[in-house]
Amino acid sequence: MTDRDADTRGDAEDAPTVILDTNALMMPVELNVRVFDELDRVVGDADLVVPGPVLAELEKLAAAGNGTEATAAAVGRDLADRCRVVGTEASYADDAVVELAADAADPNDDDAGNAGYAVTNDRPLRDRLLERGVRVLGLRGRTTLQITEP
């Protein structure tokens with residue numbers, strides 16, 4: 001999968017990178033969280049990125065049935081259109097998020113730009129990201145996102 005054009009907010013060179021996990025894109029339906037409004041509030045302009053395996057996971061979940069999870073996945077898949085989809089070496093969604101977020105957070109990498117964040121509510125994934133020095137945006141309270149520093 002290759003990068004695709006998307007309506008990202010801000011200049012990718014100056015804006016921090018924000019990697020979105022599957023459950024981050026499902027938050028609007030499952031938790032009534034306005035994810036993009038919250039990202040604007042907490043981070044401001046950002047280069048929003050969805051790993052290819054996250055998009056594939058959303059498509060699989062959306063096709064799985066008619067329940068709330070399938071609806072949330074279908075909405076999440078549509079919301080991913082607002083982001084830049086990036087292919088990864090990893091085929092598993094969580095591994096892809098860690099791969100991209102760790103690359104973006106690497107201060108020794110000249111291509112890392114303005115190191116950024118990952119958005120997830122998945123505790124094991126959050127812990128993996130924090131161990132690799134990635135700032136994590138997660139749900140605090142009922143409908144707001146907050147940064148957890150490594």
V54 and L20: CA distance, side-chain angles, deciding distance, side-chain contact (heavy atoms from CB on, under 4.5 Å) verdict: CA-CA 8 Å; V54 166; L20 288 96; over 6 Å; no
Could you check T120 against V97 for side-chain contact (heavy atoms from CB on, under 4.5 Å), going step by step and ending with a plain yes or no? CA-CA 9 Å; T120 187; V97 170; 6.0 Å; no
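In this structure, V18 and V49 have side chains that are not in contact, with every pair of non-hydrogen atoms separated by 4.5 Å or more. Contact of the T88 side chain with the P51 side chain is registered, since non-hydrogen atoms from C-beta on lie closer than 4.5 Å. You'll find the side chain of V134 stays beyond 4.5 Å of the side chain of Y117, heavy atoms only. For the pair V35 and L79, the minimum side-chain heavy-atom distance is 4.5 Å or more. Proximity of R34 to P28: side-chain heavy atoms (C-beta onward) are nowhere separated by under 4.5 Å.
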Can I get a per-line list of side-chain donor-acceptor pairs under 3.5 Å for residues 139-146, giving both atom names and the distance, sequence neighbours left out?
from: R140; atom 1: NH2; to: T148; atom 2: OG1; distance (Å): 2.8
from: T144; atom 1: OG1; to: R140; atom 2: O; distance (Å): 2.6

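The structure places OG1 of T17 at 9.5 Å from CG of L48, a figure rounded to the nearest 0.5 Å. Atom CG of D45 is separated from atom CG of L39 by 11.5 Å, given to the nearest 0.5 angstrom. Note that CG of L100 and CD1 of I19 are 5.0 Å apart. Values are rounded to the nearest 0.5 Å. Here the CG-CG distance, from L55 to L25, works out to 9.0 Å after rounding to the nearest 0.5 Å.
Between A101 and L129 the shortest heavy-atom distance is CB-CD2, 3.7 Å. Nearest heavy-atom pair across A90 and P53 is O-CG, 3.2 Å. Residues A93 and T22 share a closest heavy-atom pair of CB-OG1, 4.1 Å. Nearest heavy atom pair, residue A72 against residue E30, reads CB-CG, 3.6 Å. D21 and D122 get closest at one heavy-atom pair: OD2-CB, 4.2 Å. Taking every heavy atom of both residues into account, A15 and A46 meet most closely at CB-CA, 3.7 Å.
Other residues, nucleotides and ligands place more than 12 heavy atoms under 6.0 Å from the CD atom of E149.
The hydrophobic clustering, which links ILVMFWY residues whose side-chain heavy atoms are closer than 4.5 Å, places Y92 and L61 apart. Residues F36 and L58 fall within the same hydrophobic cluster, defined by Ile, Leu, Val, Met, Phe, Trp and Tyr side chains chained together at heavy-atom separations under 4.5 Å.
Legend: salt bridge (Lys or Arg N to Asp or Glu O under 4.0 Å) pairs involving residues 54-66, not counting sequence neighbours: none detected.
Not counting sequence neighbours, the partners of E38 by the salt bridge (Lys or Arg N to Asp or Glu O under 4.0 Å) test are R41.
Taking 4.0 Å as the cut-off between side-chain N and carboxylate O, R128 and D94 do not count as a salt-bridged pair.
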